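Read the structure below first, then the notes.
Fair warning: this is a prediction, and the values are worked out from it, not measured in the lab.
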Amino acid sequence: MKYEAHLATCERCRSAVAEISGIPALLAMLDLEDVCVRWRTKRRKPAASPRVLDSVLDKVRWRRRRSRWLTSAAVGVAAALLAVGVSSPFRPEIVGLENYTPQETVQALDMNKVSKRRSTHRSR
């Protein structure tokens, strides 16, 4: 759980995990017997076939391209929303408020005192 939470916030670790994401597919294509024989005789890592390497590299490239595209799209949408939000108070017609009519100002009339009222309350 901590691992996933950390990956959600750390770009460097997310990139490192993305780079090695093709390794399980590579390992799945290896024959266990062949690996054991090579390990016993040569004591070195078996070389991956060019076909496997190309497929893994293609998958990594595709994921990176998709990630860049999604990031660019998100930034574009955020910029558009910000532009509309900032400009709407100054130019309401941008967001469809064309019928906006400013209120007219009127002068207040002077008020004259008509009569003096007597208080109807009496002290007891």
Side-chain angles (χ1 to χ4, degrees):
M1 188 104 158
K2 288 182 181 181
Y3 172 76
E4 287 87 6
H6 175 73
L7 280 183
T9 60
C10 182
E11 178 62 34
R12 193 177 90 199
C13 291
R14 226 181 3 256
S15 295
V17 169
E19 285 180 20
I20 62 170
S21 65
I23 300 257
L26 260 174
L27 293 174
M29 298 183 88
L30 295 175
D31 181 31
L32 180 62
E33 221 173 83
D34 186 38
V35 171
C36 289
V37 168
R38 286 180 186 235
W39 179 258
R40 278 187 233 124
T41 58
K42 297 180 183 178
R43 293 283 184 190
R44 65 183 178 104
K45 295 180 182 175
S49 72
R51 180 177 52 93
V52 173
L53 185 59
D54 287 342
S55 73
V56 169
L57 290 175
D58 286 342
K59 188 171 187 174
V60 168
R61 284 187 202 111
W62 178 80
R63 283 185 179 175
R64 287 182 180 169
R65 234 185 341 252
R66 182 185 63 179
S67 175
R68 281 192 295 263
W69 186 87
L70 287 174
T71 302
S72 299
V75 167
V77 168
L81 289 173
L82 182 65
V84 168
V86 167
S87 64
S88 62
F90 303 109
R91 301 205 42 209
E93 67 273 5
I94 290 176
V95 289
L97 298 175
E98 294 91 10
N99 297 334
Y100 173 75
T101 55
Q103 292 183 350
E104 295 181 24
T105 56
V106 294
Q107 250 183 347
L109 297 174
D110 290 336
M111 297 183 72
N112 296 326
K113 196 172 191 179
V114 177
S115 68
K116 192 174 188 179
R117 283 185 65 188
R118 281 188 163 174
S119 176
T120 56
H121 290 102
R122 292 190 179 168
S123 307
R124 290 187 185 181

E11 and S15 side chains, donor-acceptor separation under 3.5 Å: yes

Shortest non-hydrogen contact from A18 toward S21: O-OG, 2.9 Å

Sub-4.5 Å side-chain heavy-atom contact between E19 and R14: no

Hydrophobic cluster partners of L53 (side-chain heavy atoms under 4.5 Å): L57

More than 12 heavy atoms of other groups within 6.0 Å of R51 CZ: no

D58 and R61 ion-paired at < 4.0 Å: yes

Cluster overlap M29 with V56, hydrophobic side-chain contacts below 4.5 Å: yes

L26-I20 co-clustered via ILVMFWY side chain contacts under 4.5 Å: no

